[in-house]
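Below is one structure; the comments refer to it alone.
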Amino acid sequence: MSNTNAVNTTIYKYHPDQDGFYGPFGGAYIPEMLHANVAELQEVYLSIIQEPGFKQEFDELLRDYVGRPSPLYLAKKLSAKYNANIYLKREDLNHTGAHKINNTIGQILLAKRLKKKRIIAETGAGQHGVATATVCALMGLECFVYMGAVDIERQAPNVARMKMLGATVIPAVSGSKTLKDATNEAIRDWINNAENTHYIIGSAIGPHPYPDMVTRFQSVISEEIKWQLQQKTGKDHPDYLVACVGGGSNAAGAFYHYLHDDRVQLILAEAAGLGIDSGESAATSILGTEGIIHGCMTLLMQTDDGQIVEPYSLSAGLDYPGIGPMHAHLITSKRAKVHAATDDEAMQAVIELSKEEGIIPALETAHALAILDRLDLSKEDNVVVCLSGRGDKDLNTFITYLEERNGK
Ligand SMILES: *Cc1c(COP(=O)(O)O)cnc(C)c1O
């Protein structure tokens, strides 16, 4: 974690101001009933997470429980193929299989210091639910995970995992019965149990201070990339830094220590689904317009009269209708560039990494690999791709996809 002062916006223009605004995006647009809870978090989060005792406990758990530092691996065959040095930041090797555990460890330590007894979370594919149930088991706190009824059907193995870990999984049966609805129900629970409950949000989204708090917990990714690259290349920065983006937490963590370093090109990979113009897409920043979702002003997919458009992606971790406010700012101010990969392109990238490097990536992660051929790379370029998670959870999706393709 960095000790950078979050309010010094003249120098650190990509950090939020005191009210959680990244340019026009961010803020805290919340119902009155949540005001006390959110205001408490806003007041104390920085002092708590910068306290030496907190940092020590966080660092120890990341090392001994999560397995950090995660390796930075030079993928030789990919490098030859794309004509550049392609390094993979191996978040897939973390306990529970993705970067999400970095954030849930941080937030459970915060919840303990706030003396909360009860944890709630929302989950789409179940990865954040599993990461939350894991840290609740570790710390002995009660855990309730809201999950769309449709997702409960689709993601049975993760539901089983959460139950094994002692969590209660509550089906969200309103609306489309997916992530957005699960988030709405989690917020309703928080309103009703504000006193004793901490809400662990799973991405760099939600009302201030969540986007900044989650980003700081995930920033361990770029903290490690810096010294690992220094050791391997003699330079502490890459030329390109690439990450997939759903809500934006793995990208935010991978970018954090390079946000104000102009030598680094920041590249985001969105899910185009069946194609950006197909009507079945989750390319939020490309298709999105300014609006408020789940407590913050950001870019989101909506109709002219402000109804949220259902996103689509084969990968459950990327089909969120909005994008974190930090990314909305990075994109609109042209600090970061976005490319979108379709389901098919992502599946090709899954197959390629599996066969070429012996690493089966998560379907979300594969979107970051799928856009490498759009970058104007040359032999000396160092590229870091955030390998956000492993593909074990997606095996059924992979198998069904390959069977359908072979059947055609
Ligand atoms: C959840 C998830 C994502 C998307 O979430 P971000 O907050 O955008 O990082 C990406 N990759 C994996 C493996 C995930 O589990």
Test item: E404 side-chain N/O and I399 main-chain N/O as donor-acceptor pair under 3.5 Å: no
message: Looking only at side-chain N and O atoms, does Q155 offer a donor or acceptor that is under 3.5 Å from a partner on K393?
response: no
Rounded distance [0.5 Å steps], CD1 in I120 versus CH2 in W190: 7.5 Å
query: Judged by modelled atom types alone, do Y312 and D319 share a side-chain donor-acceptor pair under 3.5 Å?
result: no
field: Under 3.5 Å: donor-acceptor pair, side chain of D236, backbone of Q230
entry: no
task: Look at the side chain of E91 and the backbone N and O of C386, then say whether any donor-acceptor pair between them is shorter than 3.5 Å.
output: no
message: Within this structure, what is the CG-OG distance for the pair N85 and S79, rounded to the nearest 0.5 Å?
response: 5.5 Å
query: Are any non-hydrogen side-chain atoms of D181 and S176 less than 4.5 angstrom apart?
result: yes
Closest contact, heavy atoms only, A204 versus S249: N-CB, 3.8 Å
Side-chain donor-acceptor contact under 3.5 Å, D344 with Y401: yes
task: Applying salt bridge (charged side-chain N to carboxylate O under 4.0 Å, His left out), name anything that partners R390, two or more places apart in sequence or on another chain.
output: none
- prompt: Should I101 and V135 be marked as a side chain to side chain contact (heavy atoms under 4.5 Å, CB included) after you check the CA-CA gap, both sets of side-chain angles, and the distance that decides it?
  reply: CA-CA 8 Å; I101 190 88; V135 296; 4.1 Å; yes
- request: Specify the closest pair of heavy atoms between A368 and C244, including all atoms of both residues, with the distance to one decimal.
  value: CB-N, 3.7 Å
Side-chain donor/acceptor of D381 to backbone N/O of L377, under 3.5 Å: no
task: Flag the pair E60 and R68 as a salt bridge only when some basic side-chain nitrogen lies within less than 4.0 angstrom of an acidic carboxylate oxygen.
output: no
message: Nearest 0.5 angstrom please: L41 CG to L110 CG, how far?
response: 6.0 Å
- prompt: After noting the C-alpha distance and the side-chain angles of K112 and M139, does the key distance pass the side chain to side chain contact (heavy atoms under 4.5 Å, CB included) rule?
  reply: CA-CA 9 Å; K112 272 186 27 178; M139 295 295 171; 3.6 Å; yes
- prompt: Are N103 and Q218 close enough that a side-chain donor and a side-chain acceptor fall under 3.5 Å?
  reply: no
Side chain proximity check, E122 to Y199, heavy atoms < 4.5 angstrom: yes
- prompt: Would you say the side-chain atoms of D151 pair up with the backbone N or O of A125, donor to acceptor, closer than 3.5 Å?
  reply: no
query: Out of curiosity, I276 CD1 to I286 CD1, how far, rounded to the nearest 0.5 Å?
result: 4.0 Å
S203 side chain vs I205 backbone, donor-acceptor pair below 3.5 Å: no
- prompt: Under 4.5 Å between any side-chain heavy atoms of L318 and E270, yes or no?
  reply: no
query: Are any of the side-chain nitrogens in R63 or D59 under 4.0 Å away from the carboxylate oxygens of its partner?
result: no
message: Among residues at least two apart in sequence or on other chains, which ones pass salt bridge (charged side-chain N to carboxylate O under 4.0 Å, His left out) with E290?
response: none
message: Assess the residue pair K116 and E195 against the criterion (salt bridge (Lys or Arg N to Asp or Glu O under 4.0 Å)); give the C-alpha distance rounded to whole Å, side-chain angles, the decisive distance to 0.1 Å, and a yes or no.
response: CA-CA 8 Å; K116 304 290 184 186; E195 194 77 345; over 6 Å; no
query: Will you find, in the side chains of N184 and H294, an N or O donor that is under 3.5 Å from an N or O acceptor?
result: yes
query: Does I267 reach the side chain of L241, with side-chain heavy atoms less than 4.5 Å apart?
result: no
- prompt: Side chains of T134 and T96: is there a donor and an acceptor less than 3.5 Å apart?
  reply: no
- prompt: Hey, are the side chains of I331 and L268 touching, using non-hydrogen atoms and a 4.5 Å cut-off?
  reply: yes
- request: Verify the neighbour count for atom CG of D277: are there more than 12 heavy atoms of other residues, nucleotides or ligands below 6.0 Å?
  value: no
- prompt: Taking 4.0 angstrom as the limit, do E185 and K180 come out as a salt bridge?
  reply: no
message: Does the plane of the ring in H208 sit parallel, tilted or perpendicular to the ring in Y45? Use 30° and 60° as the thresholds.
response: perpendicular
query: Do L353 and L387 pass the side chain to side chain contact (heavy atoms under 4.5 Å, CB included) test, and can you show the C-alpha distance, the side-chain angles, and the key distance before you say yes or no?
result: CA-CA 11 Å; L353 196 73; L387 211 75; 4.0 Å; yes
- prompt: Rounded to the nearest 0.5 Å, what separation is found between the NE2 atom of H99 and the CD atom of E364?
  reply: 9.0 Å
field: Close side-chain approach of H327 to T298, heavy-atom, < 4.5 Å
entry: no
Within 6.0 angstrom of H35 NE2, more than 12 heavy atoms from elsewhere: no
- prompt: When you look at CG of D305, are more than 12 heavy atoms from neighbouring residues, nucleotides or ligands closer to it than 6.0 Å?
  reply: yes
- prompt: Got a donor-acceptor contact below 3.5 angstrom from the T342 side chain to the E345 backbone?
  reply: yes
Contact check, side chains of Y256 and R216, non-hydrogen atoms, under 4.5 Å: yes
field: Output field: ring centroids Y258/H237 closer than 6.0 Å
entry: no
Pair D261 + K226: basic N to acidic O under 4.0 Å: no
- prompt: Is the backbone of L259 close enough, under 3.5 Å, to the side chain of R335 for a donor and an acceptor to pair up by distance?
  reply: yes
query: So, T365 side chain and G389 main chain: donor-acceptor pair closer than 3.5 Å or not?
result: yes
- prompt: How far apart are the C-alpha atoms of M301 and I308, what are their side-chain angles, what is the distance that settles it, and do they pass the side chain to side chain contact (heavy atoms under 4.5 Å, CB included) test?
  reply: CA-CA 6 Å; M301 290 165 47; I308 289 169; over 6 Å; no
statement: Taken to the nearest 0.5 Å, the spacing of L179 CG from H128 NE2 works out to 10.0 Å
Polar side-chain atom of N406 near backbone of L402 as donor-acceptor pair, under 3.5 Å: yes
field: I119 side chain near T197 side chain, heavy-atom distance below 4.5 Å
entry: no
salt_bridge(K81, E356) N-O dist < 4.0 Å: no
field: F58/F217 aromatic ring centres below 6.0 Å
entry: yes
field: Flag if over 12 foreign heavy atoms under 6.0 Å of CD1, I360
entry: no
Ring-face cation contact, F54 with R113, 6.0 Å cut, 45° max: no
